Amino acid sequence: MLHIDLSSEQLTRARFALSPMAELSMALITAVRLPLRSRLSSATWRIIKEQRLDCLAVLCRCRSSYLPDFIAPLPSSYDPGVEEQLHAVANTPAGQVRDEMSAFFTGVSDFTPPSPVSDKVIRRVQGTGSLSQFDERTLARRMAEELACLWAHLMAPRWPFVKGQLEAEVARSAETVVREGWAAVFPTLHHALSWGDGGLNIDTPRDGRIFWSRSLILLPSTHAYRPVLFADVRKRGDTALAYPVGRPDAEPATTEFPLGQVMGRTRLALLKSLGPARTTAELAKLHALTAGSISYHLTRLHTAGLVHRQRRGRAVYYRRSPQADALIQRATD
């Protein structure tokens, strides 16, 4: 059993986020744990070999119990872009790269202080020559380049569909948080998660405790097959938890995705009802949702340029943008 200490104050800072690099890391973990046993792992290995992604090949080939967390930087916002996260990978501090590669080579627990890497350990790990020849900063840049290549070939063509699934999951879970609180939402995310003893419990054969996390970032993932922690081996900062949702293999063969799958049914319904301008209260009553949930969805739609807002006295009215009108029109044609 793993346990993450979370006080009431820390829990107020908990949040959901989307993470392209975490999603890519889940594909790498699948390639490590289930090599050639699924379409995802087969596709990942094929691209790694065809594109000669030597550093990523080492990560997968060594079958370590730990993958370096710097290849999936914690999202700084709800929806960071791919380029933003790749930039963070390339500019990872040398000390962090060194600590996390030490943990990778030695196979230490995510929650155990890393040990120095000896030449004997490096030689014992198959194929590590391509990693040990780089200094930390060069290795970080090389990892970012290879991750960008893997993303372009494996994930980018399917990202609109995958992101739609993730957005729908966040919307569902956010409503539960608003209605019942954080403690009630964890068991709905995955059967291995529960709240108790002042923190989050993760049912796993490994035992451990994280007591240093400032807060928790929850990352829904269509490619995770179990909950996966991204914990700082230096024991500071936030902790992220990726948890499985949906089925990535269920996507349609075509690259044209229904609008409801891309943005989620709730947001599509909101857009369709925003022909006339409406307030948050009016939308909450119309769709039988809480005002907090409506505000969350409207913020995302406004950020995407699909909704305009206008203050009239003390009330704020929302209305579809011309871009949203065009999207809905194409979806109904």
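It should be emphasised that the depicted structure is a prediction, and the values quoted were computed from it without experimental measurement.
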Problem - Derivation of the side chain to side chain contact (heavy atoms under 4.5 Å, CB included) call for Thr290 and Glu175 - result: CA-CA 8 Å; Thr290 64; Glu175 289 192 27; 5.7 Å; no
Given side chain to side chain contact (heavy atoms under 4.5 Å, CB included), test Leu56 with Leu147 step by step and report yes or no. CA-CA 8 Å; Leu56 295 183; Leu147 288 168; 4.0 Å; yes
Test item: Ser173 side-chain N/O and Val170 main-chain N/O as donor-acceptor pair under 3.5 Å: no
Check your understanding: Can you find a pair of side-chain heavy atoms, one from Leu274 and one from Leu298, that are under 4.5 Å apart?
Key -> yes
| message | Would you call the rings of Phe16 and Tyr243 parallel, tilted or perpendicular, taking 30° and 60° as the class edges? | response | perpendicular
Close side-chain approach of Val228 and Met26, heavy atoms under 4.5 Å:
yes
**Prompt:** Does the ring of Tyr317 carry Arg312 above it, NZ/CZ under 6.0 angstrom from centre and within 45° of its axis?
**Reply:** yes
Tested for side chain to side chain contact (heavy atoms under 4.5 Å, CB included) against Thr44, the lone hit among Leu53, Leu28, Ile29 is Leu28
Side chain to side chain, Leu270 and Lys272, heavy atoms closer than 4.5 Å | no
Original post:
So does Asp238 pair up with Arg13, basic N to acidic O under 4.0 Å?
Top reply: no
- Is there a side-chain contact between Ile210 and His3, using heavy atoms and a 4.5 Å cut-off? no
Just by modelled atom types, is the Cys55 backbone N or O under 3.5 Å from a matching donor or acceptor in the Glu146 side chain?
yes
Shared hydrophobic cluster, Leu286 / Leu306 (ILVMFWY, side-chain heavy atoms < 4.5 Å) = no
Problem set entry | Same cluster (ILVMFWY, side-chain, under 4.5 Å), Leu150 and Val82 | yes
### Query
Do Arg319 and Pro276 come within less than 4.5 Å of each other through their side chains, counting heavy atoms only?
no
Val245-Tyr225 co-clustered via ILVMFWY side chain contacts under 4.5 Å: yes
* Asked: What about the rings of Trp159 and Trp151, do their centers lie closer together than 6.0 Å?
  -> yes
